Amino acid sequence: MRGIIVFQIISCLFLLFCPECKTAIDTTTTSTTMPSTTKTPTVDVSKYRLPTTVKPTLYDLFLYPDFATGLFNGTVIVSLQISEPTDTIVLHTNGLNITSVSVKGEQANFDVEKLYEIVTITRKNGLKFTTLFDTLSIEFNGDMKNRIVGLYTSSYTNQGKVTTMVTSKFEPTYARQAFPCFDEPNMKAKYIVHLLKPKDENYIALSNYPVEKTTSYDDSHDLVTFQETVSMSTYLTCFIVSDFTYTNTTFDNDGNQTELRVYASPGNLEKTTYAGEVAKKVIEYYVKYFGIPYPLPKLDMVAIPDFVSGAMEHWGLVTYRETALLYTNTTHSTANKQRVATVVAHELAHSWFGNLVTMDWWNDLWLNEGFASYIEFKGTDAAEPDWEMMTQFQTSDLHSVLSLDATLSSHPIVVTVTTPDEITSIFDTISYNKGASILRMLEDTVGATNFQTGVTSYLNKHKYGNAVTQDFLNEIQAAVGTTFDVTQMMDTFTIQMGYPIVSVTYDAVSRNYTLTQKRFLIDSKAIYETNTTYGYKWTIPVNYVSNLGKSQGLILFPYNQESITVQRPEGSTWLKFNYDQIGYYRVNYEESEWKNLINIYNSLETMDRTHLLEETFSIAEAGQLSYKIALDLTQQLTNETSYAPWTVAHSKLKKINTYLSNSNQSTAFKTYIRNIVSNAYQDFTWTEADNDSHLRRLTRIVVLSLACTVDHTECLSQAQEKFNTWINDTSEALSQDLRSIVYKYGMVNADEATWNKLLQVYLSETDASEKLKLINGLANVKDVSLLKRLLELAKNESVVRGQDYFTVLAYISSNPVGTDLVWDFVRENWEYLVERFTLNDRYLGSMIRTVTATFSTQQRVTEMKEFFAKYPNAGAGASSRLIALESVQNNINWLANYKSTVESWIISLNES
């Protein structure tokens with residue numbers, strides 16, 4: 001699943017790369033067992049896990065959705081394998097009304113425990129269940145309305161007509177909301193699915209496998225039966241009834257042709273072509289890379305109008321948010337195009353890593369999501385080689401997790417989770433981005449061939465089954481041989497949170513570098529427990545680049561060794577450790593070495609330039625390097641034209657600009673940024689050329705956005721002029737790439753009449769991507785009364801879909817005049833938010849981090865603590881509260897420790 005993590009990358013919203021991003025962000029509507037004002041009662045945690053004596057082998061599932069009422073009925077007949085006599089059969093259910101239970105035709109007793117989301121079944125005669133194979137039949141009904149997980153209704157408007165569909169989303173623990181089941185990833189079974197659909201010839205039914213037959217059910221409905229599936233986890237099943245149409249192609253599946261269809265609402269059909277083209281290239285690459293054919297007889301991809309995540313890898317029936325699947329070059333931006341390609345590549349990677357082989361339990365979620373988050377870059381690179389996707393990994397995935405993982409509120413990659421809230425909460429930056437980052441480091445350490453061999457061996461050994469992290473590492477070890485202990489190295493990065501900073505000293509006489517390590521934390525005074533397995537030390541694969549090229553061979557810095565020595569190559573004039581920022585660690589040098597690296601900045605490749613920029617600011621923020629070094633380095637940007645370095649510069653400089661908002665050096669700092677961005681601004685300008693490359697188009701948006709952020713006169717003037725021309729005649733052509741900036745900065749000083757005009761454009765727009773750009777413009781106005789109106793409008797599902805609600809709150813709160821407005825709104829309306837979205841929604845919890853991101857006073861900390869004390873049950877947002885508090889404290893520390901240093905640098909710069 002590729003989540004959209006808006007709250008973690010709010011500074012990049014202008015690109016609309018939301019990330020599964022991949023964590024930006026979305027909403028969900030699920031049932032909850034406790035109101036927010038109630039403390040969690042004492043629970044028996046063991047009851048959240050099912051007994052292992054009874055397992056399913058086949059579900060024969062009948063679902064009868066009623067479009068008129070929004071309700072559904074169902075019957076599930078489960079073939080069971082019972083390993084030993086047992087008094088009970090226990091399986092999951094949540095929000096369903098169970099009306100009848102029988103075992104092998106005999107009526108049985110059943111008891112539902114809502115807290116644990118389980119139903120316990122016993123025989124009426126009190127005897128044990130002893131038959132090795134038994135059949136369980138359950139009749140049930142439920143509600144599909146006002147939700148966005150489980151089995152639910154979605155709708156869209158086409159030419160004024162509202163059309164309803166039924167769809168599903170089950171990961172991680174929502175299959176139990178659609179049918180009683182053994183809703184754990186290692187309880188795999190086969191499925192025969194029967195779906196009721198309207199007799200209307202425009203309506204179709206879809207599931208994981210092709211249709212077996214369609215029979216008449218009554219005068220108004222047909223019953224569609226699908227072929228029996230392979231064995232798979234409950235969260236991978238999917239059911240859709242809609243009037244969607246499709247475009248199709250086929251892909252080469254190890255010598256055979258497999259059909260690939262892309263479905264969307266009829267009005268969006270023309271926007272499905274690109275997704276089909278990129279999916280064909282990506283999946284053909286994966287078939288070769290994994291050395292294993294795509295396992296199912298068909299592959300469908302579907303754009304859903306209301307969808308909680310970015311996308312979901314339901315096997316054979318992959319579902320997407322419309323923004324993650326639909327694209328045309330006349331209606332969408334370059335960023336939208338890349339979003340579609342990367343999300344498609346992510347989800348299709350799951351067909352092997354996650355679907356064919358599934359983690360045994362959610363503790364090892366990173367095996368699914370970390371791998372898909374890494375391999376998506378290879379898949380997209382194969383489909384679009386000109387995009388330099390492997391170089392984009394730094395800014396897309398690595399940097400955001402390095403920031404989060406440098407806090408005490410982070411967590412290990414492999415983490416123990418039990419409850420549904422805990423499970424939901426770990427679909428986060430650590431599981432996705434850190435998982436991907438350490439796999440990238442592992443591949444570089446063992447070599448691409450050994451890595452690929454190990455991956456294929458792992459998939460073959462565990463296909464159609466489940467695995468744990470050690471199973472994966474064993475296969476990499478077998479491919480590597482006895483060169484070094486793969487498990488020991490990887491354990492230091494998976495079972496303990498955080499990462500090291502390597503300090504480097506250089507002896508010019510011996511030409512030796514001495515490397516030492518310690519844990520890197522933004523708060524260098526933070527206290528933490530070190531009496532752990534590895535004591536927060538890591539086995540680090542060290543590499544470097546010099547003017548002679550990249551280092552060869554394996555250099556390991558063992559966790560239990562105080563230091564290591566690296567010889568500087570004869571004839572080299574400079575050396576930089578951690579080439580391409582592949583290693584999951586930081587490097588700090590003596591000041592003289594930093595100055596040498598600054599001097600040769602323009603001689604470095606793009607990834608190493610990007611690394612230096614990100615590294616210096618991050619280490620300075622932790623108080624382990626003078627901000628003078630980081631700021632001196634930014635002077636090299638005057639000749640920079642590449643995407644990744646400017647992405648880092650935009651993020652870091654914008655953050656300091658925010659810190660200095662109340663400083664008497666604020667204006668001078670903005671002037672400095674305008675000066676260093678001036679050359680790039682003049683190079684890219686607002687004029688696009690037909691032959692502009694993909695990366696040049698992306699870079700233009702970063703450069704223009706930074707220029708407008710710091711009040712570049714021409715930049716703001718151009719944005720305003722283009723906006724005024726367009727808003728007075730919306731039929732006027734407006735560049736797809738430029739419009740997000742035009743809407744945002746064109747609306748800053750808008751009056752109510754102009755705001756209302758844009759609102760009407762937004763309301764009449766049907767494209768999901770365009771609507772987000774438009775509402776970001778609405779959220780950027782300085783008039784607080786209009787922002788209040790937008791907050792109220794956003795509550796209306798016909799104005800803002802539930803999936804976009806928190807994104808809109810994020811847009812408003814990122815507006816300096818909207819921050820307090822949203823913070824007050826959240827505190828005053830928390831019970832409404834919990835009732836609407838539930839505490840199981842991790843995005844509700846993540847919203848707190850977004851709203852409070854710029855807070856920097858103890859008064860704000862007090863407000864946050866009082867709010868958390870009033871509503872102590874955080875559900876899936878518990879860790880986000882800790883992160884939010886730590887982030888605000890770090891903001892306070894920055895102002896106390898570094899503000900004067902930066903101000904002094906600005907003053908000295910102007911004096912020189």
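Values reported hereafter were calculated over all heavy atoms of this structure, with side chains retained and with hydrogens, waters and symmetry mates removed. Numbers here simply count residues along the sequence, with the first being 1. The structure displayed is predicted, hence computed values, not measured ones.
- Qualifying salt bridge (Lys or Arg N to Asp or Glu O under 4.0 Å) partners for D60, counting only residues two or more places apart in sequence or in other chains: none.
- Aromatic ring centroids of F290 and W352 lie under 6.0 Å apart.
- Remark: Q257 engages T250 in a side-chain hydrogen bond (donor to acceptor under 3.5 Å, both in side chains) (not counting sequence neighbours).
- Partners of Y246 according to the side-chain hydrogen bond (donor to acceptor under 3.5 Å, both in side chains) rule, which considers only residues two or more places apart in sequence or in another chain, are R261.
- Checked by atom type, the side-chain pair S457/N460 shows no donor-acceptor distance below 3.5 Å.
- Contact between Q581 and D608 at its shortest, heavy atoms only, is N-OD1, 4.5 Å.
- Between the side chains of T429 and S400, no donor N or O sits under 3.5 Å from an acceptor N or O.
- Looking at Q803 and V308, their side chains never come closer than 4.5 Å, going by heavy atoms from C-beta outward.
- For the ring-ring contact (aromatic ring centres under 6.0 Å, His included) test, no residue two or more places apart in sequence or in another chain qualifies with F182.
- Residues forming a side-chain contact (heavy atoms from CB on, under 4.5 Å) with T391 (at least two apart in sequence, or on another chain): E388, M607.
- Using modelled atom types and a 3.5 Å distance limit, the side chains of Q470 and T487 yield a donor-acceptor pair.
- Partners of K169 by salt bridge (Lys or Arg N to Asp or Glu O under 4.0 Å), not counting sequence neighbours: none found.
- Here the closest non-hydrogen pair linking P541 and L556 is CA-CD2, 3.9 Å.
- Looking at residues two or more places apart in sequence or on another chain, you find no ring-ring contact (aromatic ring centres under 6.0 Å, His included) involving H399.
- Note: F226 and Y191 fail the aromatic proximity criterion, with ring centroids not under 6.0 Å apart.
- Remark: E384 pairs with Y274 by the side-chain hydrogen bond (donor to acceptor under 3.5 Å, both in side chains) rule, at least two apart or across chains.
- Side-chain atoms of S410 and D405 form a donor-acceptor pair, as typed in the model, at a separation below 3.5 Å.
- In this structure, the ring of Y294 has its center no less than 6.0 angstrom from the ring center of Y286.
- Among residues two or more places apart in sequence or in another chain, the salt bridge (Lys or Arg N to Asp or Glu O under 4.0 Å) test is passed with E322 by none.
- With 3.5 Å as the limit, one finds a donor-acceptor pair spanning the side chains of Y579 and D444.
- For the 3.5 Å distance criterion, the side chains of Y374 and E443 qualify, holding a donor opposite an acceptor.
- Looking at residues two or more places apart in sequence or on another chain, you find a ring-ring contact (aromatic ring centres under 6.0 Å, His included) between F170 and F239.
- Residues meeting the ring-ring contact (aromatic ring centres under 6.0 Å, His included) test with Y585, sequence neighbours left out: none.
- Not counting sequence neighbours, the partners of E284 by the salt bridge (Lys or Arg N to Asp or Glu O under 4.0 Å) test are K280.
- In this structure, Y174 has its ring center no closer than 6.0 Å to that of Y235.
- The aromatic ring centroids of F353 and F371 lie less than 6.0 Å from each other.
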